[in-house]
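First listed ligand is number 1; within each ligand, the first listed atom is number 1.
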Amino acid sequence: MTIFEKICAKEIPAKIVLEDDECVAFHDINPQAPVHVLVVPRKPISRLIEAGEDDRELLGHLLLRAAEVARRLGLAEGGFRVVINNGRNAGESVPHLHVHVLGGRPMSWPPG
Ligand code: 5GP
């Protein structure tokens, strides 16, 4: 089981923002912005490149939940960033697909 599967199963504690049948959103343990939340599917897809056509609805759901997290945590007006790290060069460190929602400060572009 990945660490995120354990969080989804409530075997490891996390500060949960929202959850439903398909996903759990919780605060990152090492936040990179004043708000840093991870939206994690309960289905343990390793990374985006491993998602299939069967996951079309789930992927859309994760983005809608990411927007809901941003709304609930007051990021809608100021803006926020949504990130998916896929693989080594992107800095992926947990092999369980997750959407980062970052906000609460200005962010530079291009990302590092
Ligand atoms: P990645 O680098 O794979 O895109 O993102 C993984 C994220 O998971 C990192 O930002 C890291 O801080 C976060 N993380 C790793 N382990 C835990 C944990 O046990 N609890 C929480 N809440 N976040 C974690």
Side-chain angles (χ1 to χ4, degrees):
M1 261 177 125
T2 67
I3 192 139
F4 288 172
E5 280 182 274
K6 291 179 182 169
I7 288 174
C8 289
K10 307 272 171 65
E11 290 178 16
I12 290 179
K15 288 169 62 184
I16 291 174
V17 178
L18 61 80
E19 63 183 314
D20 60 26
D21 288 348
E22 302 297 327
C23 68
V24 181
F26 52 88
H27 290 274
D28 196 291
I29 204 167
N30 182 25
Q32 301 302 310
V35 175
H36 186 175
V37 170
L38 305 173
V39 184
V40 176
R42 293 185 188 277
K43 180 179 177 183
I45 300 166
S46 304
R47 56 192 58 81
L48 185 60
I49 201 81
E50 312 291 349
E53 289 299 324
D54 287 356
D55 299 312
R56 178 187 298 263
E57 213 169 295
L58 176 59
L59 294 176
H61 184 76
L62 295 176
L63 287 181
L64 290 172
R65 293 293 94 189
E68 178 61 20
V69 166
R71 219 174 275 117
R72 286 196 193 183
L73 298 183
L75 303 177
E77 193 183 335
F80 58 95
R81 185 166 289 173
V82 172
V83 172
I84 298 175
N85 293 322
N86 186 112
R88 190 179 60 247
N89 277 352
E92 177 201 306
S93 60
V94 177
H96 183 143
L97 178 65
H98 48 283
V99 177
H100 295 258
V101 179
L102 297 137
R105 64 167 171 82
M107 285 173 210
S108 57
W109 190 263

Using heavy atoms and a threshold below 4.0 Å, how should the contact between I84 and ligand 1 be classified: side chain, backbone, both, or neither?
neither

So which bit of V83 gets within less than 4.0 Å of ligand 1, heavy atoms only: side chain, backbone, both or neither?
neither

Check the pair R65, E68 against salt bridge (charged side-chain N to carboxylate O under 4.0 Å, His left out), reporting the backbone distance first and the verdict last.
CA-CA 5 Å; R65 293 293 94 189; E68 178 61 20; 5.2 Å; no

Verify the neighbour count for atom CD of E11: are there more than 12 heavy atoms of other residues, nucleotides or ligands below 6.0 Å?
yes

Please check if atom CZ in R105 has more than 12 non-hydrogen atoms from other residues, nucleotides or ligands closer than 6.0 Å.
yes

contact_flag [X] ligand 1 heavy-atom lt 4.0 Å:
{"X": "H100", "value": "yes"}
{"X": "I7", "value": "yes"}
{"X": "A14", "value": "no"}
{"X": "H27", "value": "yes"}

Evaluation steps, side-chain contact (heavy atoms from CB on, under 4.5 Å), between V101 and L75
CA-CA 10 Å; V101 179; L75 303 177; 4.3 Å; yes

Which residue holds the protein heavy atom closest to [atom], what is that atom called, and what is the gap in Å?
{"atom": "atom 15 (C) of ligand 1", "value": "V94 CG2, 4.1 Å"}
{"atom": "atom 19 (O) of ligand 1", "value": "I3 CD1, 3.5 Å"}
{"atom": "atom 1 (P) of ligand 1", "value": "H98 NE2, 3.1 Å"}
{"atom": "atom 3 (O) of ligand 1", "value": "S93 N, 2.7 Å"}
{"atom": "atom 9 (C) of ligand 1", "value": "D28 OD2, 3.3 Å"}

Return a table of donor-acceptor pairs under 3.5 angstrom between the side chains of residues 24-37 and protein atoms on other chains or two or more places apart.
{"unit_1": "D28", "atom_1": "OD1", "unit_2": "N30", "atom_2": "N", "d": "2.8"}
{"unit_1": "D28", "atom_1": "OD2", "unit_2": "H36", "atom_2": "NE2", "d": "3.4"}
{"unit_1": "Q32", "atom_1": "NE2", "unit_2": "N30", "atom_2": "O", "d": "2.9"}
{"unit_1": "H36", "atom_1": "ND1", "unit_2": "Q32", "atom_2": "N", "d": "3.0"}
{"unit_1": "H36", "atom_1": "NE2", "unit_2": "H100", "atom_2": "ND1", "d": "2.8"}

Before you tell me yes or no, could you show the steps for L58 and I45 under side-chain contact (heavy atoms from CB on, under 4.5 Å), namely the whole-Å CA-CA distance, both residues' side-chain angles and the distance that decides it to 0.1 Å?
CA-CA 11 Å; L58 176 59; I45 300 166; 3.9 Å; yes

Is [X] close to ligand 1, meaning an N/O of one under 3.5 Å from an N/O of the other?
{"X": "I29", "answer": "yes"}
{"X": "G91", "answer": "yes"}
{"X": "F4", "answer": "no"}

Just which atoms of ligand 1 are under 4.0 Å from any heavy atom in N30?
12 (O)

Tell me which one of H98, H61, R42 satisfies side-chain contact (heavy atoms from CB on, under 4.5 Å) with C23.
H61

Taking the side chain as every heavy atom from C-beta outward, state whether F80 and V69 have any pair of such atoms under 4.5 Å apart.
no

Is the shortest side-chain heavy-atom distance between E5 and T2 below 4.5 Å?
yes

Among pairs that include at least one residue of residues 78-92, which meet side chain to side chain donor-acceptor pair (under 3.5 Å), considering only residues two or more places apart or in two chains?
R47-E92

